[in-house]
Each structure stands twice: as structure tokens, then as C-alpha cells.
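For reference, the structure discussed in these notes is given below.
So you know, we letter chains A, B, ... as the sequences are listed, proteins then strands, and number each from 1.
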2 protein chains.
Amino acid sequence: MSIKKVAQLAGVSTATVSRYLNNPEQVKERTRLKVQSAIDETGYAPNTLARNFRRGRTSLIVVVLPTVGDPFLENVMRGIWRVADEQGYSILIRDTQSNSHEFDEYTDMVFSKQADGILLLASISPFEEPTGKPRASNKVHPPIVLGLESVTAELNQFPSVRVDNVAAAADGTHYLIQLGHQRIGFIAGKRNSLLTHDREKGYRKAMRKAKLPVASGWVVEGEQTLEGARRATRRLLSHKERPTAIFCANDEMALGAIHEIKNAGLKVPEDISVIGFDDIRYAEIMDPPLTTIAQPAEEIGERTMRRLCQAIEGSDGDSEAEIVPHKLIVRKSTANAPR
Amino acid sequence: MSIKKVAQLAGVSTATVSRYLNNPEQVKERTRLKVQSAIDETGYAPNTLARNFRRGRTSLIVVVLPTVGDPFLENVMRGIWRVADEQGYSILIRDTQSNSHEFDEYTDMVFSKQADGILLLASISPFEEPTGKPRASNKVHPPIVLGLESVTAELNQFPSVRVDNVAAAADGTHYLIQLGHQRIGFIAGKRNSLLTHDREKGYRKAMRKAKLPVASGWVVEGEQTLEGARRATRRLLSHKERPTAIFCANDEMALGAIHEIKNAGLKVPEDISVIGFDDIRYAEIMDPPLTTIAQPAEEIGERTMRRLCQAIEGSDGDSEAEIVPHKLIVRKSTANAPR
DNA sequence: TTGTACGCGTTATCAT
DNA sequence: ATGATAACGCGTACAA
């Protein structure tokens, strides 16, 4: 009963107050002043709840990501926020704690009007199939855009923005091969992450192309964490055919790998070269500075968000994947193969 | 018109459907089944917008923080999320991009019902005074809890949870002094950050107590970034009375400092000791591993969130600050003073 | 240019 | 245990 009070105080109708708020140009100067002073006096703030309800939209976007505090995602978020601010959306962040969740868990947020759209930056691979009862077919698919990751079969109907992870990883691997490395290990992410799986695919592809073998035990799981990568590295170091170079599916793991290699009394890059993926800000200050593959994080954020806005407005063109360019950044953690 | 459809299809009233949804125990088994099958058939999902509107609450909490992708805040967020999930709140994250904002900008979110409460983890120092017109006094102060930071005069009416930054920084400084350091530099955060200002206070306090001088130029601004810390470090290194130890107001800056010191051809800790604050996960894998002061991040998150829930429910007890314990973690970036 | 009046989907109150 | 209905605060079609 708030707009009413203002109206009463200003001696106008609620409709006029509403118009003053939303289409000021439709109300006469003199009236405007009256309304404004009534608003000032009461300290009135429009009830967003009622407004959203009436308008049928929340102006809320849910961004689903594996972990906050990922320095790479920070940059992506920056791009997302820029567009969100510009378009009047607020960002709701859902951390999946690196677990995979049911697809419905997120889409329901749209169907129940908790949010207008969803930005999926998470590991989405094994979205468990909807439990039992099939989702009612009278529901159209909600506004969803995928960022960073490739998509599973069930998700390829949605637009996505990402680098070509296969090609990028192949490039990185190729670079190591050019340096003369023949025994190259790979530290993968979690089993359910399509993204790191694609990078592994790129690695294998480049190895195959160079006619180099991938010995059993050269590809290990690093769990996308510092600690997981350290464990993985230890396994690699004790391999009977120890690699002279290690490709890590992301920088976080590369940092862990470098640390562990040095701990073992070996030198990077003299004994073992290490290459990462993402170019997070810590890559450069590592000792040695990390060679890595950079993604245009902020741009990815911007573009996913823009596509989502389009999808919400229904002006959703095609659902093709947008591929953005990656770039190899050579620093000091890679060198010619030893001997 | 959706609950209506379900009601119609199930041959009951909307009230019954609503009850089934919110207080299932109040509806008879037989009716429950009818309603459930109607829901299944229609794929009905309650409109959260309408529900929130009716109930007068959003179940949304806004967390205001300086930058996402801060590895320390990640841990705080983890604690916040745990409580939020448990209490049925969703978390809206606002990144201030390390700038300070007007206080109203956030409180308005509560007054306009965009959110039920606010968790302030950001640099809040110079909340510019409300512009001109004083905020209408008929507004009670909204549910706000402060985390990590101390408070300005205008904010000390709100509960807060944090470590004793002054004491903690004094402890760290004292540790360096014990190691025989006499020339100790300090890399501060941004000028408007009360938090790092408190840490600087602790540093100065410990120096004073040990009767050690703080030469002009020994306290430099590091902007809370890797890059800013590197610049600050360069200035410290070129000081005519170069410090033999550097206290950094947080780990992020400590990492930058170590990198820059090594870049300059000096050794940590042989030539210069470095100590940080926060104990982020990268502290341990740095070369050398970083000595730092740890905060119970997750616990801080949990406790701030719990207090906020209380504040929202109105069972807000006192607004005293909760102080949680800090802890010095000695690793390899500190050693006895040279010579 | 402004006012009247209805409806958005839900929950809650009061009967039954 | 269930049904009828008022109310939440706002936006807007329509009338004036």
C-alpha cells in the first residue's frame, strides 16, 4: 500500500505516480514536482517484488559455475557483469562445488520465475538424466547459454561461446613436440568435465599426428585442484618412463605440478617442461613463469551474456556455438627436451 | 492463472493446492494424490515471483565483495553458502570492482525488496555520506552484517564478524622483529580500505613497542593487486634504507612482492623476509612457501550469515562485533635478518 | 494529461 | 479437511 500513500500525499492517482516512475515524459512538469516531493517526503522506494510480479520477470540471471574464487572465472565474470549492468540484470551466482547437478535443478529456476535466464559455466557433462517422469513436454526450453564448455548431446540445442579446446590443446602439445619432447604427460581435470576432456582429446590428437606414443599412466586425473595436481604429478614422476613435459588441463593444476616437480628436486624447465591453460594472473608470477594457453575470458563473458539477453528477449537467432580465439603464451616453464 | 488450472484439473480449490504445496500434512491422502497427478500432468511449477510478492520476501541475500576470484573470499563464500542452503536463501553477489560505493546503493536493495538482507564483505570505509537530502528517518536500518572489515562510525550499529586485524598484524610484525629484523617495510592496501588500514595500525604499533623507527617510504600502497604490489615492492627495494623484511597486508600482494624481489636478483628469505595475511591456497605453493597469518575464512562466512539470518528474523540480539582467532603460519619466506 | 478499475498468482483468513 | 475470497503493490487499458 505504498504507491497509494505517495499518490494520496501528492494529491494524484496511483496511476500518475506509476507513470512518473516509469514514463516520466508522460506526466506534466507541475505534477512531476508534486509527485517527486511526495516521494522524497515518504522515502518511498518502489516494491521490486510487486513490480517484478506484475511485469512477469525478475531481471535476475543465474550464473552457474564450478567454484567461485577461480581466478580465471573472475575475468569471465567481469565481462558478464559489464553487460548485465548495461542491460539492467542482476547476477545470481550458484557454485556447484565442482559437483555435477541435475539439469532440472537449474531450469526450474526459470520455470518458477526465480530467474529470467541461466548462464552455464559449469561442468555440465553428466547432468543426470531427469529422474523417471519425463519433463512435461509443454514446456519450451528456457533461456540458457553455455560458456567455456562444450556441450553434451542434450544441451547442444543451446547457444555456447568458447574456445576450440581440442585445437588449443593440440597447439600446446604440438609446441612441446616442436621443442623435442617425446614423452609428454597430461594432467586431466575431473572425469565428468567435458571441457578438460576436450583438452585431453586435443593432446592425444597432436601426439597421434606426431606418431608419438601415449604410454599408459601418462594421462592422470588432477581433479582441477592444486592438491589433486600435486598427487597426479607425483604419479607422473614415478612413472618408469617419466615424461619430459607435462601438459596440464588448466593453470591451477599447472601451478600445483610445478610446485611438486620442484619439491622432488627436479628443475622446471630444465628437467621437465610444464604448460597450462587459461592464463590466470598467477601464471606470470610463478617461478618459473608459466607457459600457457590464454582464452579471452572477459570477451567470453560478454558474449555469453549478450546471447543470453537475446535469448530472453526471444530474438534468439541460431543456436550455433561461437568459437573465440585462443593464444599460446610462451614463458619460461617450457624449454627444449633434456639431452 | 496457474494454480487455478491445477485446482480445476484436480477438482479442488486453489487453497487446497496451495496447502498441498506448503503444508502437505494438512491435506488428506486421497486429495494429495489427485493434486499431485494434476501437477504432474500440467508440469506446474509455483510462480516464485507471485509467492515472494505475497509473502513479502525474496529469500535473497546480497553479498557485497570487492572482487570475485579472490581466493580468500572463496573460502568465506563457502561458509556463507552452507548456511544459506540450510536456511533457504539464495546468494546474489555484487562485485564492487574494488571501488567504494554509496551506502544507499545497497540498502536500497533491501528497502525495495530486492533482497532480504545484505552481507558486506567489501571495503566500506568511505561510504560517501548520503547525497544532500538525508535518508528519510522513518526507515529503520535494514538487515546488514559486516564481515572481515572493521566498521566506520556510521556502520558500527551493525553486527560484524572478523579477526582482530590490529592484533594480528602486530603479531606478524613482532615475529619479524624476533627474527632480528629492524628495517621492516609494509605494503598496504588501498587508501580507502579500513581493513588494511587496521593491519597497518598493528604493524606500526608493534614497531613502536619495539622502539623501531618506521622510516618515511617504508609504508607503500599496494592497491591489493599483484601488479600494485610489484610496483610497491620496487619502491621499497630502491629505498636508501632498504627493509630486510616486508609485511604485506594480504597474501595476494605478498605473492607479487616475492616475485618482484626475486626478479631484482635478491633472495627470499635470505636477503628479504616476506610475510602475508589470509593464507590463501597459493601461499603454500609459492617459492618459497609464504609465511602468513591465517583467518578462519569459512567460519567467518558461516557466522556472518547466521547473524544475518537472525537480523532478518528480527531476533537480532546485540550488535557487538564477533572476533574470531587468527593464527601465524610460519613457512619459508621468513628467516633471521641478514648479517 | 490524468483518473478509475482490473488483474497478475499466491497465500491466509474465515467459514463451512 | 476443504472452499470461497480478500489482499499483497504495481502497471495499464480504457475512459474522461
Side-chain angles (χ1 to χ4, degrees), chain A residues 1-39 42-60 88 108-116 138-139, chain B residues 1-39 42-60 88 108-116 138-139:
Chain A
M1 184 123 53
S2 218
I3 205 178
K4 264 191 207 166
K5 259 199 273 185
V6 175
Q8 205 175 337
L9 198 74
V12 301
S13 76
T14 60
T16 303
V17 178
S18 176
R19 271 190 289 260
Y20 170 74
L21 259 22
N22 302 303
N23 309 83
E25 70 282 2
Q26 287 181 22
V27 40
K28 201 163 52 176
E29 171 84 33
R30 232 179 72 71
T31 322
R32 261 189 286 203
L33 293 174
K34 282 194 297 184
V35 175
Q36 181 55 55
S37 69
I39 289 179
T42 53
Y44 166 75
N47 183 326
T48 320
L49 238 34
R51 172 175 284 177
N52 288 343
F53 171 51
R54 182 60 234 258
R55 290 184 176 154
R57 48 186 306 222
T58 55
S59 297
L60 238 46
D108 278 346
M109 298 196 69
V110 172
F111 289 124
S112 65
K113 311 276 188 192
Q114 273 176 69
D116 294 344
N138 50 355
K139 294 188 181 174
Chain B
M1 183 123 53
S2 218
I3 207 180
K4 265 189 207 167
K5 258 198 274 183
V6 176
Q8 204 175 339
L9 198 73
V12 299
S13 76
T14 60
T16 302
V17 178
S18 176
R19 270 189 292 261
Y20 169 75
L21 258 22
N22 302 302
N23 310 83
E25 70 282 1
Q26 288 180 21
V27 38
K28 201 164 54 177
E29 171 82 34
R30 234 181 71 73
T31 322
R32 263 188 287 204
L33 294 173
K34 280 195 298 184
V35 175
Q36 181 55 55
S37 70
I39 289 179
T42 54
Y44 166 75
N47 183 327
T48 320
L49 238 35
R51 169 176 287 175
N52 289 344
F53 170 51
R54 179 59 231 244
R55 290 188 174 151
R57 47 186 309 224
T58 54
S59 297
L60 238 47
D108 278 347
M109 299 196 68
V110 173
F111 289 124
S112 65
K113 311 276 188 192
Q114 274 177 68
D116 294 343
N138 50 356
K139 292 187 180 174

With a 4.0 Å cutoff (strictly under), does any side-chain N or O of A/Arg55 reach OP1 or OP2 of D/dG11?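 Checking D/dG11 against A/Arg55, a side-chain N or O does come within under 4.0 Å of OP1 or OP2.
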Heavy-atom pair of closest approach, residues [X] and [Y]:
{"X": "A/Ala115", "Y": "A/Thr58", "value": "CA-OG1, 3.4 Å"}
{"X": "B/Thr31", "Y": "B/Val12", "value": "CG2-CG1, 3.8 Å"}
{"X": "A/Asn22", "Y": "A/Arg51", "value": "OD1-NH2, 3.7 Å"}
{"X": "B/Ser59", "Y": "B/Gly88", "value": "CB-O, 3.7 Å"}
{"X": "A/Pro46", "Y": "A/Leu21", "value": "CG-CD2, 4.1 Å"}
{"X": "A/Ala10", "Y": "A/Val35", "value": "CB-CA, 4.0 Å"}

Rounded to the nearest 0.5 Å, what separates atom CZ in B/Arg32 from atom CD1 in B/Ile39?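 Atom-to-atom, B/Arg32:CZ and B/Ile39:CD1 are 12.5 Å apart.
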Measuring from B/Ser13:OG to B/Lys4:NZ, what's the distance to the nearest 0.5 Å?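 Those atoms lie 12.0 Å apart.
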Starting from [atom2] on [N], measure out to [atom1] on [X] and report it in whole angstrom.
{"X": "A/Asn47", "N": "D/dG9", "atom1": "CG", "atom2": "C1'", "result": "6 Å"}
{"X": "A/Lys5", "N": "D/dC10", "atom1": "NZ", "atom2": "P", "result": "11 Å"}
{"X": "B/Phe53", "N": "D/dG11", "atom1": "CZ", "atom2": "C1'", "result": "11 Å"}
{"X": "B/Leu49", "N": "D/dC8", "atom1": "CG", "atom2": "C1'", "result": "13 Å"}
{"X": "B/Arg51", "N": "D/dG9", "atom1": "CZ", "atom2": "P", "result": "19 Å"}

Could you check B/Val12 against B/Arg54 and say which one's nearest nucleotide on DNA chain D is further toward the 5' end?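 Nearest-nucleotide comparison on DNA chain D picks B/Val12.
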Test for a donor-acceptor pair under 3.5 Å between the base of D/dA1 and the side chain of B/Arg19, counting only N and O atoms.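 In this structure, the two groups form no donor-acceptor pair.
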Does any part of the side chain of A/Phe53, heavy atoms only, come nearer than 4.5 Å to the side chain of B/Asn52, both counted from C-beta?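 No, their side chains stay 4.5 Å or more apart.
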Scan B/Thr16 against the nucleic acid and name what it touches under 4.0 Å (heavy atoms): base, sugar-phosphate only, or nothing.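 Sugar-phosphate contact only - B/Thr16 comes under 4.0 Å of backbone atoms but never of a base.
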Axis deviation across the helix from C/dT1-D/dA16 to C/dT16-D/dA1, five-pair ends, to the nearest 10°: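 Angle reported: 30°, given to the nearest ten degrees.
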For the pair A/Asn47 (side chain) and A/Leu49 (backbone), establish whether a donor and an acceptor sit closer than 3.5 Å, ignoring hydrogens and angles.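 At least one qualifying donor-acceptor pair exists.
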Near DNA chain D, counting only heavy atoms under 4.0 Å, which residues of residues 20-31 of chain A show up?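 Residues of residues 20-31 of chain A that come under 4.0 Å of DNA chain D are, in numerical order, A/Asn22.
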Intermediate values then yes/no, side-chain hydrogen bond (donor to acceptor under 3.5 Å, both in side chains), A/Tyr20 and A/Gln36: CA-CA 9 Å; A/Tyr20 170 74; A/Gln36 181 55 55; 2.3 Å; yes
Does anyone know the first and last nucleotide of DNA chain C in reach of chain A, 5' to 3', at under 4.0 angstrom to a heavy atom?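 So the outermost contacting nucleotides come out as C/dT1 to C/dG9.
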